[in-house]
Protein chains: 2
Amino acid sequence: MAKTTTSNPAGAARQRGVTMNDVAKHAGVSRTAVSFVLSNRENASISEETRARINEAVQALGYRPNAGARALASQRSDWYGIVTEIVTAPFAVDIIKGAQDQAWLDRKFLLIAPSDQADAVGPNQGLEDAAIEKLLEQRVEGLLYAATYHRGVHVPDSASEVPTVLINCFDADGRLPSIVPDERAGGRVAVERLLQAGHRRIGVINLDPDIPAAVGRLAGAREALAEAGLKLDPQLVVPGHATADGGYEAACQILDRYTEKDRPTALFCLNDRMAMGAYDAIKERGLTIPGDIAVIGFDNQELIAAYLRPKLTTVALPFEKMGALGVQTLAALTAGQPIIADQQLVGCPLLERSSV
Amino acid sequence: MAKTTTSNPAGAARQRGVTMNDVAKHAGVSRTAVSFVLSNRENASISEETRARINEAVQALGYRPNAGARALASQRSDWYGIVTEIVTAPFAVDIIKGAQDQAWLDRKFLLIAPSDQADAVGPNQGLEDAAIEKLLEQRVEGLLYAATYHRGVHVPDSASEVPTVLINCFDADGRLPSIVPDERAGGRVAVERLLQAGHRRIGVINLDPDIPAAVGRLAGAREALAEAGLKLDPQLVVPGHATADGGYEAACQILDRYTEKDRPTALFCLNDRMAMGAYDAIKERGLTIPGDIAVIGFDNQELIAAYLRPKLTTVALPFEKMGALGVQTLAALTAGQPIIADQQLVGCPLLERSSV
DNA sequence: TGATTTAGGTTACGCGCGTTACTCAATGGC
DNA sequence: GCCATTGAGTAACGCGCGTAACCTAAATCA
């Protein structure tokens, strides 16, 4: 194939793309001059006229900088990589949204790579390593590692070759900085809301008691009760499978165990899916929400919380904020600044709807 | 800052990264030889020994190719770009998942850029243009454009500089190829399922009648009925707002309008959110699902369909498949192959759960 | 025996751009 | 009238890599 000159405007498909050289020729200056005006160099001296001529040429030819070449020459890619199982299990997409918005503001690009690491020490570590490897080949300046649910993870060693920040998870090996939701404060604010509404007997539908979410939220609940001079009745804490069915069954247990007088007047469901099931159990018994029983959830899964009837009051996980904070932290790290803390806690705001 | 030699292994942070030159020196060969073995050139002749020496050097130094430099030299980036509002409105994330999985298989990288174009002719066209511009600066080989819900869109002109495929939307200007769900077939399979279960009087909770989803699904429903020798009673088609509340109200209308004898025995809700509301209306009246009234939805929004009680039988939108097909189509286009069709329809499979 | 092929490489160029060092004319100071 | 400075730009190198063209000694062929 003969080398084609690229001087023709918008011609056949797959043309060579106009370069700075083309712009330079068109403007009758050196390529260096073009580079200088395009990158707005302070100390370079280019007259207003030639500057204008160059800009015209840029417009006329439809010049578009080649990011790859720029990265090669300047030794900075302006890319961050984010490796996450969220692509495959989209529970916490808002992390990506938050990160991407922030990256966009910082004029960085976010490269998203999938990881299928279902649990801390998953079977297909392979894909994850490959993903990180690919990101490093793109010369990302930093790495974000995000999980769908708050937990400890083992990050492949290769990640440590560039600054790395964990989002919605923490380094089980305790080396990398992380950003996680403040579960405890969230649990606290939930129960405080119930107390404020006058509830004194509060049932709790718990998650798997070993996961950070359960530990933190429950601790927060206890704190809130303690401050009100109350104690959490162990009888009122029932474990549930983290699904609507699990919530239904747990709620049935609680509701059927007591007489109308002893029955708790409020239910703190440690996630929204379980709250969804609890709704059914409550309605089934002819009780009303929030009249007879108030319900408060956790997670703020829009599709559930905003569409249940009545709409569910719940505590939101700050996915978007965590994503943004992750990028900010990464920016600080790549700039060589010291990090603020090994683990940054992000608040979980209460979302008032109609179930309390 | 003095130029540092890069011969030292894994030293201080921010070191220069080992290049092919380093590998070449270490192996005592020319850089070209390294390039040849790394890219597995068929027609190049390198002895097994030197090949081995080179591979050893690669291992020893931890060499990692620089994707940017490679792209620059070879004039192909191996990247596709996908611009989508899904990042900000994550209803259809599975499109991204499907696309990314397929891209991964094809050894391509997917660059995801956000678009905030809420409707066909949105106000912040600006962000979208900027996003596409950024992608083109990265020299993506092709562009995917994905929407959260099936509709016509106007794609910025700049997109036409590289092969472009639309996913879950179509080009209102009729130029670009697209991949959309087969709404009609979906509506058909839903009603067929109800007919098969013995239902003859079927109520329909409709969406905004102008959108492609409503048009197609309703047409499909009519087809299915026609084949069974039935006609859709216009009285039984009630419009609803596309939310749980909308579904609730529409269902109330239908249920309260008729006596027990005339009442439809099944409800086809044109999306799962409305089905969620319909559930409430039905239960509220002491009726059971599917015993008294069968319900079938559309969209397969996991969080709803899989967690409603009873679990919702629904028709799934083939997001993942559309994403994958988008990448495949793009691959064909960039390879210069003719496209199969301007608009590819992807089937919507019925998901049997427990509400019919 | 001389000509040709082949294995096993190497030299050199260019991809598009950032950047440092340099040139060259015009100006200013004294 | 001579040197120093400044304004306005340019030449040239290198970023890390793909690749066409070339080279050399040994093997093969007529």
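Every value quoted in this text rests on a predicted model; they were computed, and no experiment measured them.
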Would you mind classifying the nucleic acid contact of [X] as base, sugar-phosphate or nothing, using non-hydrogen atoms under 4.0 angstrom?
X     : value
B:T50 : sugar-phosphate
A:S47 : sugar-phosphate
A:T32 : base
B:R31 : base
A:L72 : base

> Between B:A69 and B:A33, which has a closest nucleotide on DNA chain C that is more 5'?
Replying inline: B:A33

Ignoring hydrogens and geometry beyond distance, is a side-chain donor-acceptor pair present between [X] and [Y] at under 3.5 Å?
X      : Y      : answer
A:E128 : A:Y145 : yes
B:Q102 : B:D106 : yes
B:S35  : B:T32  : no
A:T329 : A:Q344 : yes

Please determine whether a side-chain nitrogen or oxygen atom of [X] lies at a distance below 4.0 Å from atom OP1 or OP2 of [N].
X     : N      : value
B:S35 : D:dC17 : no
B:Q75 : C:dG14 : no
B:S30 : C:dT10 : yes
B:R70 : D:dG18 : yes
B:R41 : D:dA20 : yes

How long is the line joining [atom1] of [X] and [atom2] of [N], in whole Å?
X      : N      : atom1 : atom2 : answer
B:E49  : C:dG8  : CD    : C1'   : 11 Å
A:Y63  : C:dG16 : OH    : C1'   : 7 Å
B:Q138 : C:dG16 : CD    : P     : 16 Å
B:E137 : C:dG16 : CD    : P     : 15 Å
A:E48  : D:dG9  : CD    : C1'   : 15 Å
B:I46  : C:dT6  : CD1   : C1'   : 14 Å
B:I54  : C:dT10 : CD1   : C1'   : 12 Å
B:N21  : C:dA12 : CG    : C1'   : 13 Å

> Salt bridge or not for B:E56 and B:R53, using N-O below 4.0 Å?
Replying inline: no

> Less than 4.0 Å between a side-chain N and a carboxylate O, is that true for B:E141 and B:K108?
Replying inline: yes

> Does the base of D:dA8 carry an N or O that pairs as donor and acceptor with the side chain of A:S45 under 3.5 Å?
Replying inline: yes

> Between D:dT10, D:dG18, C:dG16, which nucleotide gets closest to the side-chain atoms of A:V29?
Replying inline: D:dT10

> Pick the nucleotide of DNA chain D nearest each of B:N43 and B:P65; which residue has the one closer to the 5' end?
Replying inline: B:P65

